[in-house]
Amino acid sequence: MTVRLARATTKVRVVFLKTEPMAVRMKTKIVLLGPPGSGKGTQGEKLSEEFGYVRMSTGDMLREAVRKGTDLGIKAKGYMDSGALVPNDLIINLMKEKIASLAEGTGIIFDGFPRTVEQADALGEQIDVDLALNLDVDDEELVKRLTMRRSCPQCNAVYHLLYNKPQNERFCDKCGSVLYQRDDDKEDTVRNRLKVYRENTFPLIDYYDKKGKLVTIQGVGDINEIFDKVKKAIQ
Ligand code: AP5
């Protein structure tokens, strides 16, 4: 409620201008959990567009490093091609620097990080995570999604040739770049990524649950309906 004091000649009058709803405190440090292909990138991008949060995707950062042939890219490429995790120390150093470069109070969506308990502990030392949002999708659906995914090398937008089609199969709707299929989206590598997820990242569901930070959302169905649930979870 906003109250303004207005001057009158002989006495003070209280003028009620308007009644405002209670301010909603949105969660601003959000970890997206979920297996490869569960929609972390898709939902993270929508959150970033709607609320102006910074989306920090370790996968996108690593792919860019590989494309540019940086030291990090050279070290990471072999792990990524086989669907294995890049070593913790490389990822933790990369993310420490990136997080430190953001202004305090920036809303951040972590997409694909943390992926191990060691990474989660390192993140927890630097910032307080408000929410870990877990997208739950079964393995066969994940394989279908990843083997027909197309990605944009320029703006990192993702599409699916059946479920989330670009207007033209070859080009990105957002920036016009030629779309490509990620090397690790071939079926054998996808299945290895799912195994690596179960062994290393799945335990983070329990990790954040014990801290009272976990919300699980069914990640199957219409992308916009899932996004409505995501938005509810961050409020
Ligand atoms: P990364 O790029 O993070 O891959 P990932 O976690 O395997 O996740 P994806 O990008 O494959 O899937 P997503 O959940 O974002 O789904 P998306 O929205 O695209 O990592 C790649 C590699 O880098 C790792 O294997 C590892 O080597 C390394 N790496 C990265 N981070 C690391 C870390 N922290 N530590 C160590 N190593 C690390 O959706 C998938 C498809 O489904 C799309 O086609 C989309 O259009 C479609 N889709 C989305 N939602 C729906 C829906 N509701 N219905 C139907 N289709 C949908």
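The structure presented is a predicted model; accordingly, all values stated were derived computationally and were not measured. First listed ligand is number 1; within each ligand, the first listed atom is number 1.
- In terms of polar-atom proximity, defined here as any N/O pair under 3.5 Å, Gly39 does make such a contact with ligand 1.
- Proximity of a side-chain donor or acceptor of Arg67 to a complementary backbone N or O of Pro153 within less than 3.5 Å is detected.
- The protein atom (non-hydrogen) at minimum distance from atom 12 (O) of ligand 1 is Gly37 N, 2.9 Å.
- The shortest N or O to N or O distance between Pro36 and ligand 1 is not below 3.5 Å.
- Close N/O approach between Asp222 and ligand 1 is not found [any backbone or side-chain N/O within under 3.5 Å].
- Taking only nitrogen or oxygen atoms, main chain and side chain alike, Val158 does not reach within less than 3.5 Å of ligand 1.
- In terms of polar-atom proximity, defined here as any N/O pair under 3.5 Å, Ile223 makes no such contact with ligand 1.
- For a threshold of 3.5 Å applied to N or O pairs, the pair formed by Ser38 and ligand 1 contains at least one separation below that value.
- The N/O atoms of Glu141, backbone and side chain alike, include none that comes under 3.5 Å of an N/O atom in ligand 1.
- For ligand 1, the polar-atom distance check against Pro114 finds no nitrogen or oxygen pair separated by under 3.5 Å.
- Looking at ligand 1, you won't find any N or O of Asp111 less than 3.5 Å from one of its N or O atoms.
- Residue Asp184 places no N or O, backbone or side chain, under 3.5 Å from any N or O of ligand 1.
- Considering all non-hydrogen atoms of both residues, Gly37 and Leu146 come closest at CA-CD2, 3.5 Å.
- A donor-acceptor distance shorter than 3.5 angstrom exists from the side chain of Thr58 to the backbone of Gly112, with no hydrogens or angles considered.
- A donor-acceptor contact shorter than 3.5 Å links the side chain of Thr201 to the backbone of Arg115.
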Next item on the list: Would you please test Asp139 and Tyr197 for side chain to side chain donor-acceptor pair (under 3.5 Å) and show each step?
Entry: CA-CA 11 Å; Asp139 279 13; Tyr197 164 79; over 6 Å; no
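- Note on ligand 1: Pro35 sits in its first shell, one or more heavy atoms being nearer than 4.0 Å.
- The protein heavy atom nearest to atom 15 (O) of ligand 1 is Gly41 N, 2.8 Å.
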